[in-house]
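Worksheet: one structure, shown below.
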Amino acid sequence: AGRFTFGLWAWRIGCTGRFTTFQAGLQYGGGTAGYTYRHEPYFTLLDVTTCNVDTALKESLTPGVLNPCRDLILVREGIDDYAYIHTLEQAIQQREAANKPGPELQAAKKFRDELFAGVELELEKYYEARAGSYGENWYVKPGNPWNAAKFDATRRACAEHITALQKALGK
């Protein structure tokens with residue numbers, strides 16, 4: 001859900017602004033147990049007991065190399081998806097400002113408008129949160145069309161439309 005909500009969904013609802021993250025430690029602290037192995041190469045931003053934000057980067061098995069958490073990777077991918085769509089919208093605006101109608105502009109606007117109409121605002125259509133899974137663990141519902149292939153196809157289509165619009169403007 002992180003990639004979808006930080007990318008296509010954020011674009012669809014028209015949000016703007018900045019996002020800030022911070023780091024805090026776990027609040028287990030009640031016992032004397034400790035980790036027998038300190039490396040956790042796969043983890044989330046939120047811990048599963050208190051929903052506090054944990055470290056976004058952790059040391060990997062290779063000394064000096066850090067692993068980003070799963071959520072941070074998905075958020076980054078979502079922001080990249082958003083950037084593709086934003087760039088497409090800017091290219092459409094530039095073409096319209098140049099007063100150069102044409103098939104490239106019509107195709108780009110059609111793609112953008114269909115994408116906009118095809119993104120459902122109700123996240124429960126695509127994802128579910130199971131009892132006890134806490135906020136960071138949303139699960140994909142069966143039939144959710146937003147999989148890796150569709151995200152990739154959307155980026156590629158944006159890039160193709162951007163390129164066509166820029167070529168028509170002589171860029």
Side-chain angles (χ1 to χ4, degrees), residues 1-91 111 115 118-121 123-163 166 171:
R3 179 173 183 177
F4 184 75
T5 56
F6 276 82
L8 293 166
W9 188 78
W11 165 73
R12 174 61 176 82
I13 64 172
C15 76
T16 60
R18 301 182 73 152
F19 174 73
T20 304
T21 60
F22 61 92
Q23 171 179 315
L26 288 172
Q27 294 185 355
Y28 286 118
T32 58
Y35 292 109
T36 58
Y37 186 68
R38 67 185 181 100
H39 298 290
E40 300 173 69
Y42 185 76
F43 58 98
T44 65
L45 276 175
L46 300 176
D47 71 58
V48 296
T49 58
T50 62
C51 287
N52 289 324
V53 177
D54 291 324
T55 55
L57 300 171
K58 286 197 176 185
E59 188 177 351
S60 73
L61 299 176
T62 305
V65 176
L66 299 175
N67 286 339
C69 73
R70 173 199 68 190
D71 297 337
L72 191 60
I73 292 169
L74 293 173
V75 166
R76 184 194 66 216
E77 288 297 314
I79 291 169
D80 286 350
D81 294 335
Y82 191 105
Y84 272 86
I85 298 165
H86 177 73
T87 304
L88 173 62
E89 288 186 320
Q90 287 187 323
F111 169 78
L115 180 62
V119 175
E120 176 65 46
L121 292 179
L123 292 176
E124 287 184 350
K125 178 179 179 180
Y126 303 118
Y127 303 96
E128 66 180 348
R130 298 183 189 135
S133 66
Y134 300 94
E136 83 280 13
N137 287 322
W138 282 51
Y139 300 90
V140 176
K141 281 189 170 180
N144 181 344
W146 290 103
N147 56 35
K150 185 163 182 172
F151 283 119
D152 290 346
T154 300
R155 280 188 186 183
R156 177 167 295 286
C158 282
E160 289 170 354
H161 287 294
I162 292 164
T163 301
Q166 289 177 341
K171 294 184 177 183

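Values below: every heavy atom of this structure, side chains too, minus hydrogens, waters and symmetry copies.
To the nearest 0.5 Å, atom NZ of residue K125 and atom CH2 of residue W146 are 11.0 Å apart. The OH atom of Y127 sits 5.0 Å away from atom CG of N144, with the distance rounded to the nearest 0.5 Å. Note: F111 CZ to I85 CD1 = 7.0 Å, rounded to the nearest 0.5 Å. The line from CD of E89 to CD1 of I162 is 10.0 Å long, rounded to the nearest 0.5 Å. Atom OH in Y84 sits 14.5 Å away from atom CG in L115 (nearest 0.5 Å). Rounding to the nearest 0.5 Å places OH of Y126 at 8.5 Å from CG of L121.
Of all heavy-atom pairs between R12 and V119, the closest is NE-O, 3.4 Å. The shortest heavy-atom contact between E120 and W9 is O-CD1, 3.8 Å.
Every pair passing side-chain hydrogen bond (donor to acceptor under 3.5 Å, both in side chains) that includes a residue from residues 154-163 is listed here, sequence neighbours excluded: E77-R155, D81-R155.
Although no hydrogens or angles enter the test, the distance criterion places a donor-acceptor pair under 3.5 Å between the side chain of K141 and the main chain of E124.
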